[in-house]
Amino acid sequence: MSPPAIRVFNTLAQQKVPLAPIVPGKLGIYVCGPTVYSFIHLGNARTFTSFDVIVRYLRSRGFEVRYVRNFTDVDDKIIKAAQETGEAPQALADRFIAEFQKDVAGLHLIEPDVSPKVSTHLPEIIAIIQKLIANGVAYESNGDVYFQVSKFQGYGKLSRKKLDELESGTRELAGGDTLKELKREPYDFALWKAAKPGEPSWPSPWSAGRPGWHIECSAMSSKYLGETFDLHGGGLDLIFPHHENEIAQSEAASGKTLCHCWMHGNFLDLEGAKMSKSLGNVVRLRDALAKLDGEALRYFFLSTHYRQQLSFSDKMLADAETRLSYFYETLKKTDERVAGKDFGQGPVHGEPERFEREFHEQMSDDFNFSGALAALSGLFNEVNLLCDKPPVKDKAVVGRTLVALRAAVGRLASVLGLFQDEPAAWLLRRRERLVVARGIDTAKVDALIAQRQAARAAKDFAEADRLRGELKAMNVELMDTPAGATWKVIPTLQAED
RNA sequence: GGCGCCAUAGCCAAGUGGUAAGGCAAGGGUCUGCAAAACCCUCAUUCCCCGGUUCGAAUCCGGGUGGCGCCUCCA
């Protein structure tokens with residue numbers, strides 16, 4: 001039974017549409033990457049994680065996906081940041097590209113197939129600007145080049161804006177007066193900016209200068225995915241003006257539709273407000289990863305649909321990690337049960353494939369992350385049931401079923417980017433992090449456990465319970481197993497207000 | 001001022017015309033010397049409010065209320 005056809009919410013159409021690849025079996029996707037002038041924050045991380053899972057899922061469905069995510073490394077904000085640090089702008093941009101790669105490694109994001117940079121695509125950018133001038137939709141003005149919005153009749157189709165409404169919105173543009181004189185219409189936007197003294201610049205037919213903000217994506221997407229491609233992704237805030245302008249530039253240059261389907265991820269909120277660099281209410285990804293496992297953060301991001309706003313708190317993050325430890329405990333137990341055993345051929349219990357089927361139904365419907373997670377929960381519940389309270393006696397049947405379920409977990413996990421670690425290693429690493437966070441004296445823990453073992457051997461259960469209580473006061477929970485006592489840190493969650 | 005999104009249990013969150021997924025927390029149980037883990041059971045006659053359409057609405061329409069976003073750099 002093949003999984004259902006995939007439907008994707010297209011911002012342009014304002015509804016879910018069937019995924020219809022231009023070339024059967026293949027998909028091209030362009031995701032707007034970071035402008036590298038500082039560290040990325042959790043909101044950025046959420047968007048990139050969403051598209052990471054989307055690309056992984058499309059590949060798992062057999063599509064040959066070409067995934068392009070750019071770096072905007074030439075930009076006004078980079079110049080400004082470099083002036084503050086005293087670095088060369090390109091050096092600063094390169095530094096933050098390296099920092100981005102480090103941060104993102106902690107989230108286990110897959111590498112895009114192409115990660116183009118503006119600074120190495122100036123010829124392509126200049127070529128498309130020349131084409132726009134030749135097509136009569138762009139004009140030079142004192143060394144700058146502007147796109148004449150009124151010449152592109154589809155303008156506003158993505159963001160549902162009308163030109164007359166935009167006009168009033170632009171009146172308070174910073175530095176307005178000089179800019180006003182250079183532009184024919186107030187909503188025209190820059191394709192090329194002549195450099196001021198001290199600013200980095202590249203030669204062009206119009207001036208030594210640099211590209212405007214939006215043109216790089218038009219140039220790079222057409223280079224790597226063609227003039228028309230399947231999917232274009234980014235954060236909600238890029239719809240206007242960035243994506244709107246991209247459409248105008250690309251379509252005015254090529255005469256073709258830029259992209260069939262536009263996908264936009266929603267924001268991550270911090271205390272009810274959008275997290276953004278300009279508001280200053282940001283939590284850096286790396287600061288979060290210092291306190292929290294990367295997979296736990298991924299799991300948290302997947303707890304709601306990618307088009308839904310997501311609020312976060314320390315408690316929610318800690319809960320995600322606790323949930324992840326349930327999954328890893330289960331995997332550890334399962335692997336111990338199944339490793340190196342041959343259960344032969346034969347029937348299995350129930351219908352092990354039903355969870356994966358449910359997962360596909362959810363993911364096929366515009367990548368319903370939380371629905372997919374529900375399927376995952378069902379799968380783990382079944383695994384635990386078979387391990388601890390098997391509904392059938394035949395151990396070979398149980399074993400074969402566990403093997404089948406474990407394989408399904410592996411497939412779903414690689415789509416979600418979860419459970420990529422060795423269960424025992426992950427659990428130990430989490431314990432160590434909590435030990436440090438709570439300042440637990442592990443030597444004392446070991447000593448108390450030894451004392452308790454002695455008391456239990458002597459059947460002095462009152463003393464054993466007293467020692468358990470003492471450990472509990474240290475936030476340590478003991479688990480007696482046939483192989484001896486192990487322990488874990490209680491992830492005490494102080495009540496929130 | 002213009003445009004748009006959202007509102008589901010104590011909390012997080014699916015569901016978008018057919019009678020409320022899943023998770024956390026809580027309570028009870030099985031197991032255990034006691035625990036922990038796991039499993040089982042319980043936990044929204046109801047989906048912000050008021051009207052309307054319909055045999056039937058959390059889901060569609062109209063009007064409120066509350067929260068958020070875009071219109072200016074932002075994932």
Side-chain angles (χ1 to χ4, degrees), chain A residues 14 31-35 37 40-51 75-77 80 156 159-162 164-166 168-174 187 213 233-242 244 264-269 272-279 282 299-300 303-305 307-313 315-316 318-320 322-323 325-326 329-330 333 358 362 365 368-378 380-391 456 459-462 464-465 468-469 471-472 477-481 485-488 490 493 495-496:
Chain A
Q14 288 293 295
V31 174
C32 285
T35 299
Y37 67 100
I40 63 163
H41 63 245
L42 282 183
N44 302 307
R46 182 194 180 195
T47 297
F48 296 137
T49 302
S50 294
F51 286 104
D75 177 86
D76 291 358
K77 289 192 294 298
K80 185 161 176 280
S159 56
R160 331 209 118 208
K161 292 185 188 305
K162 296 184 178 65
D164 52 346
E165 288 160 3
L166 282 171
S168 56
T170 51
R171 71 188 111 99
E172 284 172 43
L173 256 187
Y187 34 69
W213 174 32
L236 211 54
D237 46 0
L238 294 183
I239 292 175
F240 191 90
H242 188 239
E244 193 69 63
H264 296 279
N266 213 140
F267 300 125
L268 184 69
D269 287 354
K274 168 189 170 184
M275 181 183 293
S276 79
K277 291 175 184 173
S278 55
L279 288 176
V282 300
Y299 183 82
F300 170 69
S303 67
T304 189
H305 189 100
R307 287 190 290 108
Q308 206 71 39
Q309 272 180 239
L310 175 62
S311 300
F312 98 99
S313 67
K315 173 159 190 330
M316 292 164 85
D319 285 351
T322 299
R323 184 67 180 157
S325 74
Y326 160 83
E329 292 279 8
T330 302
K333 180 164 66 182
E358 172 66 13
Q362 297 296 336
D365 182 12
N368 190 338
F369 294 162
S370 46
L373 252 31
L376 192 74
S377 285
F380 275 79
N381 179 257
E382 182 77 356
V383 168
N384 273 126
L385 188 63
L386 283 161
C387 284
D388 295 344
K389 307 257 164 123
R456 290 183 77 209
K459 303 270 189 227
D460 184 354
F461 292 121
D465 289 347
R468 175 185 284 287
L471 285 160
K472 200 156 197 164
E477 186 75 61
L478 277 191
M479 290 92 80
D480 289 321
T481 72
T486 60
W487 60 279
K488 66 175 185 181
I490 302 167
L493 300 171
E496 310 269 320

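Numbers restart at 1 for each chain; the letters A, B, ... are given by sequence-line order, proteins then strands.
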Residues passing the side-chain hydrogen bond (donor to acceptor under 3.5 Å, both in side chains) test with A/N381, sequence neighbours excluded, are none

Separation of B/G69 atom P from A/L238 atom CG, nearest Å, is 16 Å

TODO: May I ask you to say what A/E329 touches in the nucleic acid, namely base, sugar-phosphate or nothing, with a heavy-atom cut-off under 4.0 Å?
DONE: nothing

Contacts of A/S311 and A/N44 projected onto RNA chain B by closest heavy atom; the upstream (5') one is A/S311

Check: Roughly how far apart, to the nearest Å, are B/A20 and B/A36 at atom C1'?
Finding: 34 Å

Sorted by chain and residue number, the side-chain contact (heavy atoms from CB on, under 4.5 Å) partners of A/S370 (sequence neighbours excluded) come out as A/N368

When rounded to whole Å, the NE2 to C1' distance for the pair A/H305 and B/C12 reads 16 Å

What about A/D465: does its side chain form a donor-acceptor pair under 3.5 Å with the base of B/G33?
yes

Taken in chain and number order and not counting sequence neighbours, the residues that satisfy salt bridge (Lys or Arg N to Asp or Glu O under 4.0 Å) with A/R307 are A/D366

Pull out every protein N or O sitting under 3.5 Å from an N or O of nucleotides 21-25 of chain B, one pair per line with the distance.
residue	atom	partner	partner atom	Å
B/G22	O2'	A/S377	OG	3.4
B/G23	O3'	A/R323	NH1	3.2
B/C24	OP1	A/R323	NH1	3.0

The salt bridge (Lys or Arg N to Asp or Glu O under 4.0 Å) partners of A/K274 (sequence neighbours excluded) come to A/D237

Practice prompt. Establish, with yes or no, whether the OP1 or OP2 oxygen of B/C73 is under 4.0 angstrom from a side-chain nitrogen or oxygen of A/K80.
Written response: no

### Query
A/F240 near the nucleic acid: base, sugar-phosphate alone, or nothing, with a heavy-atom cut-off under 4.0 Å?
sugar-phosphate

Take atom C1' in B/A75 and the same atom in B/C70, then report the distance between them in whole Å. 14 Å

Cut-off 3.5 Å, side chains only: do A/S377 and A/R323 have a donor facing an acceptor?
yes

Side-chain atoms of A/M316 come closest, of B/C12, B/A75, B/A37, to B/C12

Exercise for review: Describe the nucleic acid contact of A/K161 in one word from base, sugar-phosphate, nothing, applying a heavy-atom distance below 4.0 Å.
Suggested key: base

Nearest heavy-atom approach of A/K333 to A/C387 is CE-CB, 4.0 Å

For A/H264, the side-chain hydrogen bond (donor to acceptor under 3.5 Å, both in side chains) test, sequence neighbours excluded, returns none

message: Taking donor-acceptor contacts at under 3.5 Å, does the side chain of A/R46 reach the base of B/A75?
response: no

Note to self: Mind checking if A/G43 touches a base, just sugar-phosphate, or nothing, with heavy atoms under 4.0 Å?
What the structure shows: base

### Query
According to the interplanar angle, ranging from 0 to 90°, do the rings of A/F312 and A/F300 count as parallel (below 30°), tilted (30 to 60°) or perpendicular (above 60°)?
perpendicular

note: A/F461, atom CZ; B/G33, atom C1'; distance rounded to Å ~ 4 Å

**Request:** Identify whether the distance between the nearest side-chain nitrogen and carboxylate oxygen of A/K315 and A/D319 falls below 4.0 Å.
**Result:** yes

Residue set satisfying side-chain hydrogen bond (donor to acceptor under 3.5 Å, both in side chains) with A/D465, at least two apart, ordered chain then number -> none

Taken to the nearest whole Å, CG/A/D388 to C1'/B/C31 is 10 Å

Applying the 3.5 Å cut-off to both distances, the Watson-Crick or G-U partner of B/A57 turns out to be none

Separation of B/A38 atom C1' from A/N384 atom CG, nearest Å, is 5 Å

Rounded to whole Å, the CG-P distance (A/D480 to B/A37) equals 13 Å

Rounded to whole Å, CG of A/D237 lies from C1' of B/C3 at a distance of 16 Å

Open item on the list: For the P atoms, the ones on B/A35 and on B/U46, what distance do you get once it is rounded to whole angstrom?
Closed with: 38 Å

In terms of heavy-atom contacts, A/R468 and A/D480 come closest through NH2-OD2, 3.4 Å

Across all chains, not counting sequence neighbours, the side-chain contact (heavy atoms from CB on, under 4.5 Å) partners of A/N44 are A/I40, A/H41, A/F48, A/K277

Winner on side-chain proximity to A/K389, out of B/A37, B/A38, B/C70, is B/A38

**OP:** For B/A9 versus B/U59, give the span between their P atoms, rounded off to a whole number of Å.
**Re:** 15 Å

- Query: Say you pick atom C1' in B/A13 and the same atom in B/U54; how far apart are they, in whole Å?
  - Reply: 29 Å

By the Watson-Crick or G-U definition, both distances under 3.5 Å, B/A21 is matched with none

Answer for the Watson-Crick or wobble partner of B/A26, both distances under 3.5 Å, is B/U42

Using atom P in both nucleotides, what's the gap between B/C40 and B/C55 to the nearest angstrom?
42 Å

Checking all strands, does A/L268 fall into the base, sugar-phosphate, or nothing category for heavy-atom contacts under 4.0 angstrom? base

A/K472 NZ to B/C34 P, in whole Å, measures 14 Å

* To do: Select base, sugar-phosphate, or nothing to describe what A/K488 touches, counting heavy atoms under 4.0 Å on all strands.
  => sugar-phosphate

Testing B/G69, B/A35, B/C73 for proximity to the side chain of A/M479, the answer is B/A35

Answer for the Watson-Crick or wobble partner of B/C48, both distances under 3.5 Å, is B/G64

Scanning all shown strands, the Watson-Crick or wobble mate of B/C3 with both distances under 3.5 Å is B/G69

task = Determine the interatomic distance between P on B/A44 and the same-named atom on B/A21; round to the nearest Å.
result = 11 Å

Provide a list of protein-nucleic acid N or O atom pairs under 3.5 angstrom, restricted to nucleotides 4-6 of chain B.
none

Note to self: What's the gap between B/C12 and B/C60 when it is taken at their P atoms, as a whole Å value?
What the structure shows: 22 Å

